[in-house]
Amino acid sequence: MNKNRPTPLVHTERLLALVPYISANQGISTVELAKTFNVSLSQMNNDLMTLWMCGLPGYTALELMDLSFDSGYVTIHNAPTLQKPRSLNFDEIVSLLFGLDLIKESIPSDSELQGKVTELIGRLSAKSPISSKLRATDTVASSLRAQIEMAINSKKSLKIDYHSLYNDKFSNRVITPLELRTESGIEYVFAYCNSATSFRVFRLDRMQNVIAAEIDIEALHGQNVNSNKEIEYVLTISDRSRLMKERFAIEDVGNGQDIQLQSFSEQWIERSIFASSASATLVRPAKIRAEIAKKAKLLLERYQVVRDA
Amino acid sequence: MSRKSERLVNLTIALLATKRYLTKNEIFKSIEGYEGSDESKERMFERDKDDLRSLGIEIEVGGFDPLFNDEAGYRIKPETYRLDLGELSGTDIALLSLAAQAWNGQALNEAAHSAIVKLKSIGIDSDVDSIPTLAPRMAWSTTELTSVLEAIASRKVITFDYFSVQLEKVTRRIQPYAVASRGGYWYFTGFDIDKEDLRTFRFDRVAHEIIIANKPDSYEIPEGFDLLTNFDGDVTTSVAILDVRKDKCFALRKNAHRIEDAGEWDRIWLDYSDTNSFVDLILWHMDDVIVIEPKALQENVVQRLKDLVATHE
């Protein structure tokens, strides 16, 4: 909600925040300060100059701040009025409350920390009118994400059990995670898969039994990269357009026209069309289309047997 | 630019340091930068007060005293200005920092960051070793998240276009009650003025920006409104019996509360609530699953398969 704040106000807010921050971190470098406050070094020097002016005698008869920063390191004394940080604003309280709610579920319920989180939520709630109206849940265990982040940072590999949705199978793999990505609410890790000897993308919520593996990323240099070929397919939509748009990641649904799309997996296309029956129809490729009709027919025959039994 | 911020900082210091109310004249005398005619000084001061208030700084007006010609005085109470969360330990700071980190790159990232700067200004070192290694992450959201939060806080009605099941844009008028993330998506719940009932919306299905009405306090959030029961509760569930092929259908098996070995297949029992999405999930598993019970569900699947044959043959 601070987005449209005019520049002098953003500036004032930063100046007010700088005094307590420097007070608590005496001797901090201007470079680090600039980074913390997300401004350029020259802007930070500018800020400090302004603050220094504020502290000059005659400006306010009430206060004499003693700020020194000419060596590239900043100290501040005699600023008791502004020394304590400002109270948290609405957005800040809300961001912390959501965050605490999120980590609460990752902390063992019998641990002492659980009590501490609850207490912090209580203290923040007392300052916000809408505290009980906020809930956040994580899609994957945050300890799993931490494990992957550590593997990326230390260039280590992980042994995982991975559930492939297309084959509906679990496979053991050794992967070297390279990057975490989020796309429409789903988290992926882009990794080199030692088992498939190629780069693959894995969903975090389909990983199980993740443990560190002793494989060096250096050993991976010179590996071939197999790239899968994308399959072009065309479908039409007759019902449940919102769901179809989300399921097939369609940009523009249109009105019953042919929609051209790509996928790496024939199995995924088949399964998605099955799941979308009566709402989406596969037009091309003819081969997959025929396969779908055949499988559906066989399955109907099986249902006939079950019903007759 | 810096002249103005300088003046605002000095004004804050003056109003914060004083133990009594300061009159305008005292302020004009002691703070550099109020220049020009009396009228223009007044105008500057009025603007400055508004500016500080917009930063969330509460300025108290009071101290009417006949000696001061009935002139109003101003001050900022330290207890409203300063951060006070009671006594905080290094572990508390570490937990709060971790909570803020969850926003990395997401909607409230800026607010989370400034909260951290404030917490680091208290002078207590974060005791990172006292908490487990976690990497919490908020679900991706549109910037509309803050609009809805703001509306809830001031109880203002919101209006927006929402994509219906058939992907048509329908204008909704909602009294928002609560916000939650679940399964990677952000949702808000509120009272739908036109439908006269509670409804839940997904942020990424909002077609355009959310418009917040001007009038605050235009409704009340029912006492004891519980977000979680609203999300989870009050859905009727039915039990399905399915035959699933061995080593297949993990997505169905993980929700089963009873599994019986039946040779080449396993028979599983599981609850479901939304029939349409459950049928989708069953069909996703193609010929690795057969619906045994209930018969209505079986019929539903059979109809969908017939449709599939009709449209793909």
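Naming: A, B, ... by sequence-line order, numbering from 1 per chain.
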Check residues 288-300 of chain A and write down every donor-acceptor pair under 3.5 Å in which the side-chain atom is one partner and the other belongs to a residue at least two apart or another chain.
unit_1: A/Arg289; atom_1: NH1; unit_2: A/Leu282; atom_2: O; d: 2.7
unit_1: A/Arg289; atom_1: NH2; unit_2: B/Thr311; atom_2: O; d: 3.2
unit_1: A/Lys295; atom_1: NZ; unit_2: A/Glu270; atom_2: OE1; d: 2.7
unit_1: A/Lys297; atom_1: NZ; unit_2: B/Glu313; atom_2: OE2; d: 2.2

Item checked: Which portion of A/Met150 sits near chain B, non-hydrogen atoms under 4.5 angstrom -> side chain
Checklist line | Approximate separation, where rounding is to 0.5 Å, of B/Leu134 CG and A/Glu105 CD | finding: 10.5 Å
Checklist line | A/Asp239 portion near chain B, given a 4.5 angstrom heavy-atom threshold | finding: both
Notebook entry, point to check: Any sub-3.5 Å donor-acceptor pair from A/Arg302's side-chain atoms to B/Asp287's backbone N or O?
Noted result: yes
Checklist line | Residue A/Ile28 versus chain B: region with a heavy atom under 4.5 Å | finding: neither
Item checked: Partner set under ring-ring contact (aromatic ring centres under 6.0 Å, His included) for B/His285, not counting sequence neighbours -> none
Check: B/Arg137, B/Met138, B/Lys295, B/Gln303: which one forms the most heavy-atom pairs within less than 4.5 Å of chain A?
Finding: B/Arg137
Note to self: Quick check against the 3.5 Å criterion: does B/His113 have a side-chain atom that pairs as donor or acceptor with the backbone of A/Phe37?
What the structure shows: no
Item checked: Close side-chain approach of B/Tyr81 to A/Leu82, heavy-atom, < 4.5 Å -> yes
Item checked: chain A contact via B/Glu58 - which portion, at a heavy-atom distance below 4.5 Å -> neither
Checklist line | Chi angles and distances behind the salt bridge (Lys or Arg N to Asp or Glu O under 4.0 Å) call for A/Arg240, B/Asp280 | finding: CA-CA 12 Å; A/Arg240 297 197 293 173; B/Asp280 284 6; 3.0 Å; yes
Next item on the list: Examine whether an atom of B/Arg253 lies under 4.5 Å from a heavy atom of chain A, and if so say whether it belongs to the side chain, the backbone or both; otherwise answer neither.
Entry: neither
Margin query: Nearest 0.5 angstrom please: A/Leu16 CG to B/Ser5 OG, how far?
Written below: 9.5 Å
Notebook entry, point to check: Side chain, backbone, both or neither: which part of B/Ile292 has a non-hydrogen atom closer than 4.5 Å to chain A?
Noted result: side chain
Notebook entry, point to check: Does atom NZ of B/Lys254 have more than 12 heavy-atom neighbours from other groups under 6.0 Å away?
Noted result: no
Next item on the list: List the steps, then state whether side-chain contact (heavy atoms from CB on, under 4.5 Å) holds for B/Asp92 with A/Lys116.
Entry: CA-CA 7 Å; B/Asp92 291 333; A/Lys116 281 192 183 285; 4.0 Å; yes
Next item on the list: Below 4.5 Å from any heavy atom of chain B, which atoms of A/Ser23 appear? Answer side chain, backbone, both or neither.
Entry: neither
Check: Would you find more than 12 non-hydrogen atoms of other residues, nucleotides or ligands less than 6.0 Å from B/Lys248 atom NZ?
Finding: yes
Notebook entry, point to check: Taking the side chain as C-beta and beyond, is there a heavy-atom pair between A/Asn89 and B/Leu55 under 4.5 Å?
Noted result: no
Note to self: Within the structure provided, determine whether B/Asp247 and A/Phe170 are in side-chain contact (heavy-atom separation under 4.5 Å).
What the structure shows: no
Margin query: Quick check on B/Val291 against chain A: is it the side chain, the backbone, both or neither that has a heavy atom closer than 4.5 Å?
Written below: both
Item checked: Interface residue of largest heavy-atom contact number with chain A, from B/Leu8, B/Ile290, B/Val309, B/Asp307, under 4.5 Å -> B/Ile290
Next item on the list: Could you walk me through whether A/Val306 and B/Gln298 pass side-chain contact (heavy atoms from CB on, under 4.5 Å), step by step?
Entry: CA-CA 10 Å; A/Val306 170; B/Gln298 192 186 58; 3.9 Å; yes
Next item on the list: Using non-hydrogen atoms and a 4.5 Å limit, figure out which bit of A/Gln304 sits close to chain B: side chain, backbone, both or neither.
Entry: neither
Margin query: Would B/Val9 and A/Thr50 count as a side-chain contact (heavy atoms from CB on, under 4.5 Å) here? Give the steps.
Written below: CA-CA 10 Å; B/Val9 170; A/Thr50 310; over 6 Å; no
Next item on the list: Answer with side chain, backbone, both or neither: which region of B/Ser97 has an atom nearer than 4.5 Å to a non-hydrogen atom of chain A?
Entry: neither
Note to self: Does any backbone or side-chain atom of B/Asp243 lie under 4.5 Å from a heavy atom of chain A? Answer side chain, backbone, both or neither.
What the structure shows: neither
Next item on the list: Determine yes or no for a side-chain-to-main-chain donor-acceptor pair under 3.5 angstrom, with A/Ser87 supplying the side chain and B/Thr80 the backbone.
Entry: yes
Margin query: Heavy-atom pairs under 4.5 Å with chain A - which of B/His312, B/Glu168, B/Met286 has more of them than the others?
Written below: B/His312
Notebook entry, point to check: How many angstroms lie between atom CD of B/Gln166 and atom CG of A/Leu243, to the nearest 0.5 angstrom?
Noted result: 10.5 Å
Next item on the list: Sort A/Arg307 into side chain, backbone, both or neither according to what part of it lies under 4.5 angstrom from a heavy atom of chain B.
Entry: side chain
Next item on the list: Calculate, to the nearest 0.5 Å, the distance between atoms CD1 and CD belonging to B/Ile122 and A/Gln83 respectively.
Entry: 12.5 Å
Note to self: Is any side-chain heavy atom of B/Tyr162 closer than 4.5 Å to one of A/Arg242?
What the structure shows: yes
Checklist line | A/Met53 vs B/Glu32 side-chain heavy atoms within contact, under 4.5 Å | finding: no
Note to self: Please classify the contact of A/Leu96 with chain B as side chain, backbone, both or neither, using a heavy-atom distance under 4.5 Å.
What the structure shows: both
Check: Where does A/Ile237 contact chain B at under 4.5 Å (heavy atoms): side chain, backbone, both or neither?
Finding: neither
Notebook entry, point to check: Measuring heavy-atom distances to chain B, does A/Ser276 have an atom under 4.5 Å in its side chain, in its backbone, in both, or in neither?
Noted result: backbone
Item checked: chain A contact via B/Val289 - side chain, backbone, both or neither, heavy atoms under 4.5 Å -> backbone
